[in-house]
Trainee: 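Below you will find the structure I want to go over with you.
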Amino acid sequence: MGVPMNTTLPIRRGVGVAAGLEPGVARDFAARCEDLGYHSLWSNDEPTASGLETLAQFAVTARRLELGVGVLPLDRHPPVRIAAEVARLELDPTKLWIGIGSGQLTNPTEAIQAAVAELRQLLPGTARIVVAAMRPRICRIGGAVADAILLNWMLPAQAAVARRWVQEGADDAGRAAPPLASYIRVAIGPGSQHRLRSEEDHYRNINESHRRHFDAMNAPLGSVGVAASGRPDVLKALAPYHARLDLPIVRLLAEHDIISLTVAATAAAP
């Protein structure tokens with residue numbers, strides 16, 4: 001048996017934004033998300049914007065929320081550097097979810113297995129190591145070694161299939177399956193469908209792996225995520241994800257000012 005899906009109230013939901021928010025905006029946004037009842041705050045990582053530094057800004061004002069970075073590509077962030085940054089930024093390991101992905105490495109399976117093992121030695125034991133996965137092989141590897149799996153760009157039906165892959169990896173390793181999280185792109189209000197389509201179109205063409213992933217889903221452009229006019233439609237669209245995931249993370253497609261982010265976070269709040 002794997003880890004059961006969360007069914008307790010209040011609903012457990014994370015919220016994610018792009019790395020590199022202006023520090024004042026990041027701190028204000030984090031405080032508001034804590035008031036809105038989110039479980040955790042997540043940032044991605046960019047070559048020009050550090051996800052861990054964004055988490056450090058969140059930590060200043062969101063003292064109760066858990067913090068996740070999703071994800072640190074291993075071609076740019078070797079484990080020793082990740083551990084050094086966690087220490088430098090004084091991030092609380094008891095609240096931390098460290099997401100890693102293979103990035104542009106040529107042997108992702110071995111790289112992820114080795115990185116998880118190294119991070120377990122370098123980081124305090126309370127920090128959770130999360131493996132980013134989209135396709136069967138990495139889902140199974142994550143099921144065998146990770147503390148959680150972070151999916152990306154999946155419909156609820158595909159998330160259910162990914163859970164089976166994760167369970168297979170866990171079974172082969174003789175362990176309980178780790179929890180399943182996923183980013184869900186959410187755009188609110190005027191222009192929401194355009195923002196979702198633009199974001200999705202970009203990711204569909206990042207590389208061959210992403211192209212194969214979207215081709216396998218056979219989903220129309222602009223359908224992998226949520227574009228809605230307001231909160232009732234957002235909650236209705238998120239419900240199928242909650243039925244398939246342990247931790248849905250709404251990844252907000254909004255301008256990086258506090259008003260736009262707050263409007264979107266409020267519409268998608270638990």
Trainee: Under 4.5 Å between side-chain heavy atoms, counting indirect links through other Ile/Leu/Val/Met/Phe/Trp/Tyr residues: same cluster for Leu89 and Ile100 or not?
Mentor: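 Linked, Leu89 and Ile100 end up in one cluster.
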Trainee: Counting only heavy atoms not in Glu90, do more than 12 sit closer than 6.0 Å to its CD atom?
Mentor: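 For Glu90, atom CD is not crowded (no more than 12 foreign heavy atoms under 6.0 Å).
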Trainee: Output yes when a side-chain donor or acceptor of Asp147 lies under 3.5 Å from a complementary backbone atom of Ile129, and no otherwise.
Mentor: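 It does hold such a pair.
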Trainee: For Thr54 and Ala19, which heavy atoms make the closest approach, and how far apart are they?
Mentor: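 That would be OG1-CA, 3.6 Å.
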Trainee: Give a yes or no on whether the backbone of His256 and the side-chain of Ser260 come within a donor-acceptor separation of less than 3.5 Å.
Mentor: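 No.
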Trainee: Group every Ile, Leu, Val, Met, Phe, Trp and Tyr by side-chain heavy-atom contacts under 4.5 Å, then state whether Tyr38 and Val25 land in the same group.
Mentor: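 Yes; Val25 is reachable from Tyr38 via cluster members.
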Trainee: Would a hydrophobic clustering, with Ile, Leu, Val, Met, Phe, Trp and Tyr connected at side-chain separations under 4.5 Å, put Val86 with Val131?
Mentor: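 Same hydrophobic cluster.
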Trainee: Just to verify, which of Val69, Val71, Asp45 counts as forming a side-chain contact (heavy atoms from CB on, under 4.5 Å) with His77?
Mentor: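 Filter result, single survivor: Asp45.
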Trainee: Hey, does the side chain of Arg195 reach the backbone of Ile188 with a donor-acceptor pair shorter than 3.5 angstrom?
Mentor: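 The answer is yes, because a donor-acceptor pair under 3.5 Å joins these two groups.
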Trainee: Looking at every heavy atom in both Gly103 and Asp75, which two are closest together, and how far apart are they?
Mentor: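 For Gly103 and Asp75, the tightest heavy-atom pair comes out as CA-OD1, 3.5 Å.
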Trainee: Has Glu255 got a side-chain atom pairing as donor or acceptor with Asp257's backbone, closer than 3.5 angstrom?
Mentor: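 Judged by distance alone, no pair lies under 3.5 Å.
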Trainee: Below 4.0 angstrom, N of the basic side chain to O of the carboxylate: do Glu200 and Arg197 qualify?
Mentor: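 No.
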Trainee: Mind telling me whether Trp42 and Tyr183 have parallel, tilted or perpendicular rings, with 30° and 60° as the class edges?
Mentor: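 Answer is perpendicular, since the angle exceeds 60°.
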Trainee: Using a 3.5 Å distance criterion without hydrogens, assess whether the side chain of Arg32 forms a donor-acceptor pair with backbone atoms of Thr262.
Mentor: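 Not a single qualifying donor-acceptor pair exists.
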Trainee: Might you work through the side-chain contact (heavy atoms from CB on, under 4.5 Å) test for His210 and Met134, ending with a clear yes or no?
Mentor: CA-CA 8 Å; His210 279 72; Met134 295 174 73; 3.9 Å; yes
Trainee: Give a yes or no on whether the backbone of Glu46 and the side-chain of Ser50 come within a donor-acceptor separation of less than 3.5 Å.
Mentor: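 No, the answer is negative, given that no donor and acceptor are paired below the 3.5 Å cut-off.
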Trainee: Could you check whether the rings of Phe29 and Phe58 sit parallel, tilted or perpendicular, using 30° and 60° as the cut-offs?
Mentor: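 Tilted: the ring planes of Phe29 and Phe58 meet at 30° to 60°.
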Trainee: Under the side-chain contact (heavy atoms from CB on, under 4.5 Å) criterion, do Tyr241 and Met154 qualify, and how do the steps go?
Mentor: CA-CA 9 Å; Tyr241 289 95; Met154 286 195 181; 5.9 Å; no
Trainee: Under 4.5 Å between side-chain heavy atoms, hopping through other hydrophobics if needed: is there a path connecting Leu245 to Leu150?
Mentor: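 Unlinked, Leu245 and Leu150 end up in two clusters.
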Trainee: Where do Gly225 and Ile184 come nearest, in terms of heavy atoms and distance?
Mentor: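 It is CA-CG2, 4.4 Å.
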Trainee: Given side-chain contact (heavy atoms from CB on, under 4.5 Å), test Thr266 with Leu36 step by step and report yes or no.
Mentor: CA-CA 7 Å; Thr266 301; Leu36 288 168; 3.9 Å; yes
Trainee: Would you say the side-chain atoms of Thr61 pair up with the backbone N or O of Arg27, donor to acceptor, closer than 3.5 Å?
Mentor: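 Side chain of Thr61 to backbone of Arg27, a donor-acceptor pair under 3.5 Å: yes, one is there.
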Trainee: According to a hydrophobic-cluster definition based on side-chain heavy atoms being under 4.5 Å apart (Ile, Leu, Val, Met, Phe, Trp, Tyr only), do Leu91 and Leu21 belong together?
Mentor: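 In one cluster: yes.
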Trainee: Looking at Glu85 and Arg81, is any side-chain nitrogen of the basic one under 4.0 Å from a carboxylate oxygen of the acidic one?
Mentor: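 No, no charged N to carboxylate O under 4.0 Å.
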Trainee: Are Asp172 and Arg140 close enough, and set up right, to give a side-chain contact (heavy atoms from CB on, under 4.5 Å), and what steps lead you there?
Mentor: CA-CA 9 Å; Asp172 288 344; Arg140 293 187 180 103; 5.6 Å; no
Trainee: Ignoring hydrogens and angles, state whether a donor on the side chain of Thr94 or Asp92 is under 3.5 Å from an acceptor on the partner side chain.
Mentor: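 Per modelled atom types, Thr94 and Asp92 side chains form a pair under 3.5 Å.
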Trainee: Is there a donor-acceptor pair under 3.5 Å between the side chain of Arg12 and the backbone N or O of Ser40?
Mentor: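 Not a single qualifying donor-acceptor pair exists.
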Trainee: CG/Leu96 to CG/Leu55 distance, rounded to the nearest 0.5 angstrom?
Mentor: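 Reported to 0.5 Å precision, the distance equals 6.5 Å.
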Trainee: Kindly compute the distance separating CG (Leu74) from CG (Leu105), expressed to the nearest 0.5 Å.
Mentor: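 These two atoms lie 6.0 Å from each other.
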Trainee: Taking C-beta and beyond as the side chain, do Tyr203 and Val224 meet within less than 4.5 Å on heavy atoms?
Mentor: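 Heavy-atom side-chain distance check fails, nothing below 4.5 Å.
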Trainee: Per the side-chain contact (heavy atoms from CB on, under 4.5 Å) rule, which among Ile249, Val166, Leu180 passes with Leu151?
Mentor: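 When Ile249, Val166, Leu180 are each tested with Leu151, the side-chain contact (heavy atoms from CB on, under 4.5 Å) holds only for Leu180.
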Trainee: Indicate the atoms forming the closest heavy-atom contact of Val15 with Cys33, along with that distance.
Mentor: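 Heavy-atom minimum between the residues: CG1-SG, 3.8 Å.
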Trainee: Evaluate whether atom CD1 of Ile206 has more than 12 neighbouring non-hydrogen atoms of other residues, nucleotides or ligands under 6.0 angstrom away.
Mentor: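 Yes - once you tally the heavy atoms of other residues, nucleotides and ligands closer than 6.0 Å, there are more than 12.
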Trainee: Determine yes or no for a side-chain-to-main-chain donor-acceptor pair under 3.5 angstrom, with Arg137 supplying the side chain and Pro108 the backbone.
Mentor: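 Not a single qualifying donor-acceptor pair exists.
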Trainee: Would one find more than 12 heavy atoms of other residues, nucleotides or ligands at under 6.0 Å from atom CD of Glu110?
Mentor: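 Not more than 12 within 6.0 Å, no.
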Trainee: Look up atom CG in Leu65 and atom CG in Leu41, then write down how far apart they are to the nearest 0.5 Å.
Mentor: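 Those atoms lie 5.0 Å apart.
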Trainee: Taking atom CD as the centre, does Gln193 end up with more than 12 heavy-atom neighbours from other residues, nucleotides or ligands that are less than 6.0 angstrom away?
Mentor: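 Atom CD in Gln193 is packed in, count exceeds 12.
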Trainee: Between CD1 of Ile149 and CG of Asp246, what distance do you get to the nearest 0.5 Å?
Mentor: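 Rounded to the nearest 0.5 Å, the CD1-CG separation comes out at 10.5 Å.
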Trainee: Do NZ/NE/NH1/NH2 and the carboxylate oxygens of Glu53 and Arg88 come within less than 4.0 Å?
Mentor: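 Here Glu53 pairs with Arg88 in a salt bridge, since their nearest N and O are under 4.0 Å apart.
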Trainee: Would you please say whether a donor-acceptor pair under 3.5 Å links the side chains of Asn152 and Arg185?
Mentor: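 Indeed, the side chains of Asn152 and Arg185 share at least one donor-acceptor pair under 3.5 Å.
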Trainee: Can you tell me how far the CD1 atom of Ile82 sits from the CG atom of Leu123, to the nearest 0.5 Å?
Mentor: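 The CD1 atom of Ile82 sits 7.5 Å away from the CG atom of Leu123.
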Trainee: Of all the heavy-atom pairs spanning Arg163 and Arg244, show the shortest one and how long it is.
Mentor: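 Residues Arg163 and Arg244, closest heavy atoms: NH2-O, 3.1 Å.
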Trainee: Nearest 0.5 Å, please: how far is CG in Asn218 from CD in Gln158?
Mentor: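 One finds 9.5 Å between CD of Gln158 and CG of Asn218.
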Trainee: Between Ala267 and Leu235, which heavy-atom pair has the shortest distance, and what is it?
Mentor: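 Scanning both residues, the minimum pair turns out to be O-CD2, 4.3 Å.
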